[in-house]
Chemist: 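Structure in structure tokens, see below.
The structure presented is a predicted model; accordingly, all values stated were derived computationally and were not measured. Hydrogens, waters and symmetry mates play no part in the numbers below; they use all other heavy atoms, side chains included. Note on naming: letters A, B, ... go to the chains in the order of the sequence lines (proteins, then strands), and numbering restarts at 1 for each one.
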Amino acid sequence: MINALRGMKDITFEESKRFIYIIETASKIAQNYGYGYIETPILEETKLFKRSVGESSDIVGKEMYQFIDKGENDVCMRPEGTAGVVRAFVQAKLDRVQNQKHRFYYYGAMFRYEKPQKGRLREFHQFGCESFGESSVYEDFTIISMIGEIFKALGIKYKLKINSLGCVECMPTYKESLINFLTPIKEELCNDCQRRIDTNPIRVLDCKNPHCQELITDSPKLTFNLCSSCDSDFEKLKSLLNSANVNYEIDTNLVRGLDYYNKTAFEFVSDEIGSQSAIAGGGRYDRLVEFLDGKSTPAVGFALGIERIWELVKMPISTREGYYFGAMNQEGVEILLALAQKTRLTQKVSVEYAPKKLQAHLKNADKANAQYLLFLGEDELKEGKVWIKNLETKEETIRLMEDF
RNA sequence: GUGGACGUAGUUCAGUUGGUAGAGCACCUGUUUGUGGCACAGGUUGUCGCGGGUUCGAGCCCCGUCGUCCACCCCA
């Protein structure tokens, strides 16, 4: 027997219903916020991710499905969605027209070569949005509100964490003061953090090691070292969230794992799904378009993990639907085939090809969760009629076949 | 990449100090002629993850391997 690859899953039955429900709900809301659908390739040039996600990240450093294709191209299965959308944005030269807003939503499979566990798969699915050309913090607020609305529609409880990562103005000086703080205590930090001081000191902030967290309690805080523009934007964001009654907490140690974020960073977490608690994450990435050879364009976006939330989704109560067709003999079955084709123009119909007595059909129809059983017995066949039972109300009717 | 737990019927699981497998659910067929969900009766279902080893004999012990789950890490 051939099984699916490790960390990759087939999505069927209940799960596929949830999958579709999540996508449809999120898409509808995104459309209402002005987002249009974009589909980008799963396979991209490896350097796209190296330049966008960043070589210092674990994702690029050790988790990419990377290989050389038959044309000797260094390619990679996308580990996240933003890079591809930005590449598409630049490729379509949408960056050339300044002051234009472009908003895209997408969903699809992402790939990371990790050790699977609860909420962490090698092939997983994200729904995401990317907004280009809008530098106003109102857009940050709006996108956070939108995610809140999506989770509300899906019946998911969450906590929102926000932070500001500063910009080219304030980040370098902050980074410097952080390094100055960390260097004297370097020996006491964990091995990973010692390495991070050189590669990406900001990442020390979200180290999970309790001892490291203790050591950095009094470290300089990003939010107290913002330049005036970043500071006023962050203040504005907080006041917008306050007046919209959105609960949030400021997490000065919230550092997104991808290198391209600046200014607003946020994460939605759930405490009901195990240790992989991030259900959505995103932020502003004003420099990424430029990194990918486009003209400087402000942008903000997010992604949510479908597998992370699908056990939390409150599905609408499923009701009986459609018809189950069954007959008592072969001749009847063949008549039903023709009838089903006609009925399927407007209704969901399943036909049982095996002739059975009424009781068996009733059982089957019930199990198939059909709303109606349409039965063609010997009597009906003679009279050119069909017998229909509403399995919910138990109401029975007999109708001429041509009237049905 | 590191650590831990676990792989027995479609499924959830049991299986005593080693003696070649069992239960519930599900499924199929009935319960007198054409009325579902309930009940009852009967029935089907297994390379006991895979490969070695120990043994007269292994689901059980040993080694390896693959897989699942969980945690670390990372992140959606």
Chemist: Under 4.0 Å, heavy atoms only, any strand: does A:K9 hit a base, just the sugar-phosphate, or nothing?
Modeler: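 A:K9: backbone/sugar contact only, no base atoms under 4.0 Å.
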Chemist: For A:G119, which contact category applies under a 4.0 Å heavy-atom criterion: base, sugar-phosphate, or nothing?
Modeler: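 Answer is base: heavy atoms of A:G119 come under 4.0 Å of a base.
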Chemist: How many whole angstroms separate atom CG of A:L205 from atom C1' of B:C75?
Modeler: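 Distance, rounded to whole Å: 17 Å.
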Chemist: In this structure, how many angstroms lie between the P atom of B:G36 and the CZ atom of A:F325, rounded?
Modeler: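 So the CZ-P distance, A:F325 to B:G36, works out to 21 Å.
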Chemist: If you only use heavy atoms from C-beta on, which nucleotide in B:G37, B:C73, B:A76 is closest to the side chain of A:Q276?
Modeler: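 Of B:G37, B:C73, B:A76, B:C73 is nearest to the side chain of A:Q276.
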Chemist: Of the nucleotides B:C28, B:G3, B:G36, which one has an atom closest to the side chain of A:K115?
Modeler: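 Closest of the options to the side chain of A:K115: B:G3.
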Chemist: What contact category does A:A280 fall into here, base, sugar-phosphate, or nothing, at under 4.0 angstrom with non-hydrogen atoms?
Modeler: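 Since only primed, P, OP1 and OP2 atoms lie under 4.0 Å of A:A280, the category is sugar-phosphate.
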Chemist: Does A:F124 lie flat on the base of B:A76, that is, centres under 5.5 Å apart and planes under 30° off?
Modeler: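 A:F124 vs B:A76: stacking yes.
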Chemist: Using 30° and 60° as the class limits, which term best fits the ring planes of A:F266 and A:F268: parallel, tilted or perpendicular?
Modeler: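 Perpendicular: the ring planes of A:F266 and A:F268 meet at over 60°.
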Chemist: Please name the residue in the list A:Y372, A:Y323, A:Y324 that meets the side chain to side chain contact (heavy atoms under 4.5 Å, CB included) test with A:V349.
Modeler: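 It is A:Y323, the one option of A:Y372, A:Y323, A:Y324 that forms the side chain to side chain contact (heavy atoms under 4.5 Å, CB included) with A:V349.
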Chemist: Checking ring pair (Phe, Tyr, Trp, His ring centres under 6.0 Å) against A:Y105, which of A:Y35, A:F302, A:F127 comes through?
Modeler: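 When ring pair (Phe, Tyr, Trp, His ring centres under 6.0 Å) is applied between A:Y105 and each of A:Y35, A:F302, A:F127, only A:F127 qualifies.
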Chemist: How far does the P atom of B:G67 sit from the matching atom of B:C50, given to the nearest Å?
Modeler: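 The same atom, P, in both gives a distance of 15 Å.
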Chemist: Scan A:L376 against the nucleic acid and name what it touches under 4.0 Å (heavy atoms): base, sugar-phosphate only, or nothing.
Modeler: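 A:L376: no heavy atom of the nucleic acid under 4.0 Å.
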Chemist: Short question: side chain of A:K159, backbone of A:D271 - any donor-acceptor pair under 3.5 Å?
Modeler: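 No: the side chain of A:K159 does not pair with the backbone of A:D271.
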Chemist: Would you call the rings of A:Y107 and A:Y37 parallel, tilted or perpendicular, taking 30° and 60° as the class edges?
Modeler: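 Ring orientation of A:Y107 relative to A:Y37: tilted.
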Chemist: Counting only side-chain N and O atoms of A:S275, is one of them less than 4.0 Å from OP1 or OP2 of B:C72?
Modeler: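 For A:S275, the contact criterion (side-chain N or O under 4.0 Å from OP1 or OP2 of B:C72) is met.
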Chemist: Answer with base, sugar-phosphate or nothing: what part of the nucleic acid does A:G7 contact at a heavy-atom distance below 4.0 Å?
Modeler: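 A:G7: backbone/sugar contact only, no base atoms under 4.0 Å.
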Chemist: Tell me which nucleotide, if any, is Watson-Crick or G-U wobble paired with B:A21 when both distances must be under 3.5 Å.
Modeler: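 Check on B:A21: unpaired, no WC or wobble geometry under 3.5 Å.
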Chemist: Describe the nucleic acid contact of A:D379 in one word from base, sugar-phosphate, nothing, applying a heavy-atom distance below 4.0 Å.
Modeler: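 Base contact.
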Chemist: Which whole number of Å gives the distance between the P atom of B:U55 and that of B:G18?
Modeler: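 Result for the P pair: 16 Å, nearest Å.
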Chemist: Between B:A71 atom P and A:K118 atom NZ, what is the distance in whole Å?
Modeler: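 To the nearest whole Å, that distance equals 8 Å.
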Chemist: B:C48 and B:U33: how far apart are their P atoms, nearest whole angstrom?
Modeler: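 Each nucleotide's P atom is 44 Å from the other's.
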Chemist: With a 3.5 Å cut-off and heavy atoms only, can you find an N or O donor on one side and an acceptor on the other between the side chain of A:E380 and the base of B:G34?
Modeler: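 Yes.
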Chemist: Using atom CG of A:L154 as one end and atom C1' of B:A76 as the other, report the distance to the nearest whole Å.
Modeler: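 Taking atom C1' of B:A76 as the reference, CG of A:L154 is at 15 Å.
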Chemist: Measuring from the side chain of A:F375 (C-beta onward, heavy atoms only), which nucleotide among B:U35, B:G1, B:G34 has the closest atom?
Modeler: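 It is B:G34.
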Chemist: Could you tell me how far B:G24 sits from B:A39 if I compare only their P atoms? Round to whole Å.
Modeler: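 Taking atom P in both B:A39 and B:G24, they lie 14 Å apart.
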Chemist: Find the distance A:R203:CZ to B:C73:C1' and express it as a whole number of Å.
Modeler: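 About 11 Å, once rounded to whole Å.
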Chemist: Would you classify A:E396 as touching base, sugar-phosphate or nothing, given that sugar-phosphate means primed atoms plus P, OP1 and OP2, and contacts are heavy atoms under 4.0 Å?
Modeler: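 The answer is base, as A:E396 lies within the cut-off (heavy atoms under 4.0 Å) of a base atom.
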Chemist: Would you kindly give the CZ-to-C1' distance between A:F127 and B:A76, to the nearest whole Å?
Modeler: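 From A:F127 CZ to B:A76 C1': 13 Å.
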Chemist: When we call it a touch if two heavy atoms are under 4.0 Å apart, what does A:F268 touch: a base, just sugar-phosphate, or nothing?
Modeler: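 Since no nucleic acid heavy atom lies under 4.0 Å of A:F268, the category is nothing.
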Chemist: Rounded to whole Å, how long is the line connecting atom CZ of A:R6 with atom C1' of B:G1?
Modeler: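 The answer, rounded to whole Å, is 12 Å.
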Chemist: Between A:N253 and A:Q213, is any side-chain donor less than 3.5 angstrom from a side-chain acceptor?
Modeler: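 Note: A:N253 and A:Q213 side chains meet the donor-acceptor criterion.
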Chemist: A:K62 has an atom NZ; how far is it from atom P of B:C72, in whole Å?
Modeler: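 My rounded result for the distance is 15 Å.
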Chemist: So does A:R112 reach the base of B:A76 with its side chain, donor to acceptor, closer than 3.5 Å?
Modeler: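 Check passes, donor-acceptor contact within cut-off.
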Chemist: So if I take every side-chain heavy atom of A:M328 and compare against B:G34, B:G36, B:A76, which nucleotide ends up nearest?
Modeler: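 Of B:G34, B:G36, B:A76, B:G34 is nearest to the side chain of A:M328.
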Chemist: In terms of side-chain heavy atoms of A:W387, which of B:C27, B:G34, B:A76 is nearest?
Modeler: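 Given the options B:C27, B:G34, B:A76, the side chain of A:W387 is closest to B:G34.
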Chemist: Give a yes or no on whether a donor-acceptor pair under 3.5 Å exists between the nucleobase atoms of B:G37, that is its base, and the side chain of A:K394.
Modeler: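 Yes.
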Chemist: Is B:U68 paired to anything, Watson-Crick or G-U wobble with both distances less than 3.5 Å, and if yes, which nucleotide?
Modeler: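 Per the H-bond distance test, B:A5.
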Chemist: Check every strand shown and say whether A:I279 touches a base, only sugar-phosphate, or nothing at a heavy-atom separation below 4.0 Å.
Modeler: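 The residue A:I279 makes sugar-phosphate contact but no base contact.
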Chemist: Any donor-acceptor pair under 3.5 Å linking the side-chain atoms of A:N390 with those of A:Q371?
Modeler: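 A:N390 and A:Q371 do have a side-chain donor-acceptor pair below 3.5 Å.
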Chemist: Do the side-chain N or O atoms of A:Q117 get closer than 4.0 angstrom to the phosphate oxygens (OP1, OP2) of B:C70?
Modeler: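 No.
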